[in-house]
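Remember, it's 1-based here, ligands and their atoms both numbered in the order they're listed. Computed from heavy atoms alone, side chains included, the values below leave out hydrogens, waters and symmetry copies. Starting from 1, each residue takes its place in the sequence as its number.
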Amino acid sequence: MTIAFPGGPTRWPLPDEDVRAALLACYASGDWGRYDGANTTALTASLQNTFQREHVQLCSSGTIAVELALRGLRVGAGDEVILAAYDFPGNFRAIEAVGARPVLVDIAKDRWTIDVQQLAAAISPATKAVIVSHLHGDLADIEAICQLAKERNLQVLEDACQVPGAMISGRPIGSFGDASVLSFGGSKLLTAGRGGAVLTSQADVAQRIRVFSSRGNEAFPLSELQAAVLLPQMAKLAEYTRIRAESAIQLRYALRDLAELSPVAQTSDLMAYYKFAWRYLPAGGDAQLDCRHPTRDGLICQLQAQGIDVGAGFRGFNKRSTNRCRIASDLTNAQSAAETTLLLHHPILLQPDAIETLADAVRKVIAGQR
Ligand SMILES: Cc1ncc(COP(=O)(O)O)c(C=O)c1O
């Protein structure tokens, strides 16, 4: 299946007749002006089914979903929450927002997700939870982390904002954590411009989130209109995930000889790509930036000038003050990720016919720098 891109291969969201029909139906029914109704009910059911969860709390963003999940897990003042020193910035802030203290550990070598050994070593009597983010197509070792958490009496908050549709051993990512979160932000794989959700199988966690969110009205709502446009996207998620995953395999293969770009590894049989990550190693294997070669940011500018939708990764937390957090391990890998990560945005992965052209353009830019 090849999808038409009238606005070019980086346009997002895609033109989608089913979304258009949903918007028109909302207009005709008046649902666009309602607090909630059939669309939010159907979206809740669809998420329950897709992510194998009993409870779904729709909300206004992935950022607030993380905070709600922490509250649902009863994390508060005096508690520690471990997270990777390379992560979405809002996750650090969400821990602070509930009055808890972030604890930083490194990511695994040559990956973008938390190092399980470092995580185990960082647990203290005050540690209540760990945030595990699946980032840039790299799926964290979530099964091992859930096992460790069970043994050490920790709660797992699984951040699946970047990877809806991915599976490990046939089980959906987003079904592993004591609570898991999704984002429906404007650039995301499932988008309503804004929006998010917390998923859990624990009735008490769901109940605490409901109580916190309910202030006579919903404090962090997702509207009927937003739910209406998400429903047709849910129906296409599995198919689009498969196409993006195949394109990623094709892209990795096409650029396999390029020593300067080290791609995200395939660690499961079904990966999901909101971003496809590389580490840029200009000296051909050395993570240190070499002044004789252009920097990562220079490379990004050159690729963007060729119309390739790339950007830098997160800045990481390795420079955060110890007034704000406990630093529990050496953070070398997180620092390297912050300095060398190059991210390809996902829309082009839905266009398998464009991958060879993309690879040629990347190869040409890199060759021009040698
Ligand atoms: C890993 C991760 N968590 C949380 C979020 C927050 O989602 P939102 O933009 O919906 O607030 C993002 C957004 O990019 C993200 O990448």
Side-chain angles (χ1 to χ4, degrees), residues 12-13 43 47 51 56-73 81-98 102 104 107 111-114 129-142 145 156-166 173-174 176-177 179-199 209 213 219-223 226-227 229-230 233-234 244 264 271-277 309-317 334 337-338 341-347:
W12 194 258
L43 179 62
L47 293 170
F51 294 96
V56 169
Q57 174 79 30
L58 301 176
C59 62
S60 51
S61 70
T63 304
I64 199 70
V66 175
E67 181 180 328
L68 292 174
L70 287 170
R71 294 187 187 281
L73 296 172
V81 178
I82 297 174
L83 80 166
Y86 180 89
D87 199 355
F88 174 66
N91 290 357
F92 188 103
R93 298 280 289 112
I95 297 168
E96 293 183 316
V98 301
L104 300 179
I107 52 174
R111 297 187 59 183
W112 284 268
T113 51
I114 198 161
V130 56
I131 297 181
V132 181
S133 294
H134 306 282
L135 290 182
H136 313 337
D138 185 19
L139 300 179
D141 295 330
I142 191 73
I145 292 168
V156 176
L157 195 175
E158 181 186 28
D159 183 338
C161 289
Q162 294 202 356
V163 292
I173 289 291
F176 287 90
S180 303
V181 295
L182 300 173
S183 163
F184 306 129
S187 60
K188 293 296 191 309
L189 299 176
L190 296 166
T191 183
R194 295 279 179 186
V198 185
L199 319 169
I209 294 172
S213 303
F220 317 102
L222 184 128
S223 73
Q226 286 172 294
V229 298
L230 285 164
Q233 297 175 66
M234 287 298 294
R244 283 187 285 257
V264 59
M271 311 291 284
Y273 296 94
Y274 163 61
K275 306 279 182 185
F276 181 95
D309 196 0
V310 288
F314 296 132
R315 298 172 75 155
F317 310 130
T341 297
L342 184 72
L343 299 175
L344 176 73
H345 197 37
H346 64 86

Output, or 'none' if empty, a list of ligand 1-protein atom pairs in which both atoms are N or O and the distance is under 3.5 Å, rounded to 0.1 Å.
from, atom 1, to, atom 2, distance (Å)
ligand 1, 3 (N), D159, OD1, 3.4
ligand 1, 3 (N), D159, OD2, 2.6
ligand 1, 7 (O), S183, OG, 3.4
ligand 1, 10 (O), G62, N, 2.8
ligand 1, 10 (O), S183, OG, 2.6
ligand 1, 11 (O), G62, N, 3.4
ligand 1, 11 (O), T63, N, 2.9
ligand 1, 11 (O), T63, OG1, 2.5
ligand 1, 14 (O), K188, NZ, 2.7
ligand 1, 16 (O), Q162, NE2, 3.0

Beyond-backbone contact of Y86 with T341, side-chain heavy atoms, under 4.5 angstrom: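 In contact.
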Ring centre gap for Y274 and H345 strictly below 6.0 Å: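 Yes; H345 has its ring centre under 6.0 Å from that of Y274.
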Set of ring pair (Phe, Tyr, Trp, His ring centres under 6.0 Å) partners for F176, sequence neighbours left out: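 With sequence neighbours excluded, F176 shows a ring pair (Phe, Tyr, Trp, His ring centres under 6.0 Å) to no residue whatsoever.
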Return yes if some donor-acceptor pair links the side-chain N/O of [X] with the main-chain N/O of [Y] below 3.5 Å, else return no.
X: R194; Y: L222; value: no
X: W12; Y: K188; value: yes
X: E158; Y: V132; value: no

